[in-house]
Student: 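First the structure, which I've put down as C-alpha cells, then a few questions once you've had a look.
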Amino acid sequence: MSFATHLECGYCSKEYNINELHNLCTECDKPLLVRYDLEKAKCEFTKDKLAVRDSTLWRYHEMLPVFDMSKKVSLGEGWTPLIKTTRLAEDLGVENLFIKDEGMNPTTSFKARGLCLAISKANELGVKEVSIPSAGNAAGAMSAYAALAGMKAFVFMPKDVPVPFINECKALGAEVTLVDGLITDCGKMAKELVDKYGRFDVSTLKEPYRIEGKKTMGYEVAEQMNWELPDVIIYPTGGGTGLVGMWKAFEEMEQLGWIGSKRPRMVSVQSTGCAPMVRAYEENTEFAEPWQGAKTVADGLRVPAAVGDFLILRAIRESMGTAVSVTDEELMDASNHIGRTEGLFVAPEGGATLAAFNKLRKSGWIKDGEKVVLFNTGSGHKYMGLWSN
Ligand SMILES: *Cc1c(COP(=O)(O)O)cnc(C)c1O
C-alpha cells in the first residue's frame, strides 16, 4: 500500500499522472517529484509499524511510489549500518562522528536504492527496455535490477571508466556501449537511441523515482538515530539525488509527525576538479554553470552539470548548510584514514566527506560535540586500481 498520489514539477509545480511514464517536465524541462497524501499517511502509517518490517528500504513502502508489490524487484537494498566511529573519532579528537556505510548495498553503492525504485516502478508501468548514461555505479545498479525484472538494459559509459565498472554491467547482462567522451556525450548518444527505440531513460533526476529510493537514506538516518536528526550531514555530490532526496524525506517525516522541525545542516562536498555546486553556492546563483574540463578520481563526482542543480542549492541554503571542495589527494588520504582506523574500505567519494569534515572543523564551522553523519556512498572495491601505485 502506497500513499503516492501524483507527480509534480520541482520548479513550476505542474502536475502529472503517477500511473504514466514521465521524464522531465514538459513545460520547463526540470525534474518531477512524487507527491503523497500525507494527511492520510499520518493517520495510517505510524512509526511503531516499523518494528516488524524487513531490513530493506521497503520498510517505508507506504512512502514509496510502487502500488503493485508483485512488480517490485529487490536485492536487499537499504537499511545499511550507521556506524559510530571509534578509532577514527579518537584520532581526530571528536565524539559524535558517524558513517552511514552505503557500500553495503547490492552492487556496492547507494545507487542500488535509486535504481531499485526506478526499475520497480518501470516494471509496474510495463517497461521492457531501459537505458542509462553513467560514469560507473549507476550503470551496475541498473543492470542488476533490470536483470531481475527481465528487462533489456542498455548502458553508455565513457571509455576511460575503470574496467570493473564495465565488466560488472556485462556480467549482469547489460549491453554496454563505450563512448569516446564524457558522461554528457554518453547522455546524447543514449538519448538518440531512447527516442528511436522507445526505451525508458533512467538518467539521474530525468525520471522521478530514483530520488524516492535515495530519500530512504533520510528515513533511515532518522530511525537509526532514534528520530533525532544529526546536526550536520556531509554528502558527496554529483547529480545530487541523495541530498535532494533526504531533504524531501525530512519534510515528509515532519508532516507524518515522526520528527520535529529541527534539520541537519546539509553539506555538499565536491572535488576541486569538478565543483559546479560549490561555485554556484559561493556565487549565490539559483542554477549552476556547467564545469569545463571535469577531472577527478572520484567518478561519482565527475558530473559537470546536474539537472537538479537548483534543488541541491535550495536544500543547502534552506538548511543553513554549505558546499566545499577537496582535492583528489585530500580525498584519497581521508579514504585511507577511514580504512586504517575503522576497517572500512570506502569509495573515494566517501573519503571526500571526511576531507570536508576536517576542513569544516578546522574553520570552526563544525563545533565540538556536534553530531555529524558522513555518507560513504560506495565501497572501494571497484576503484581498486587507484590504490595500485
Ligand atoms: C553517483 C555517486 C555519487 C554522487 O551521487 P549523487 O546522488 O548523484 O549526487 C557519490 N558517490 C558515489 C560512490 C556514487 O556512485
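Atoms within a ligand are numbered from 1 in the order they appear, just like the ligands themselves.
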Student: Would you please name every residue forming a side chain to side chain donor-acceptor pair (under 3.5 Å) with Asn123, sequence neighbours left out?
Tutor: none
Student: If the condition is ring pair (Phe, Tyr, Trp, His ring centres under 6.0 Å), which residues does His22 pass it with, not counting sequence neighbours?
Tutor: Tyr16
Student: Heavy-atom cut-off of under 4.0 Å around ligand 1: list whichever protein residues fall inside it, by chain and number.
Tutor: Phe110, Lys111, Asn137, Lys214, Tyr235, Pro236, Thr237, Gly238, Gly239, Gly240, Thr241, Gly242, Gly300, Glu349, Thr377, Tyr383
Student: Does a sphere of radius 6.0 Å around CD in Glu95 hold more than 12 heavy atoms from other residues, nucleotides or ligands, not counting ones at 6.0 Å or beyond?
Tutor: no
Student: Once side chain to side chain donor-acceptor pair (under 3.5 Å) is applied, what residue pairs with a partner in residues 340-355 remain, sequence neighbours excluded?
Tutor: Glu349-Tyr383
Student: With a 6.0 Å cut-off (strictly less than), is the heavy-atom count around NZ of Lys42, excluding the residue itself, greater than 12?
Tutor: no
Student: If you count heavy atoms of other groups shown closer than 6.0 angstrom to CE of Met332, is the number above 12?
Tutor: yes
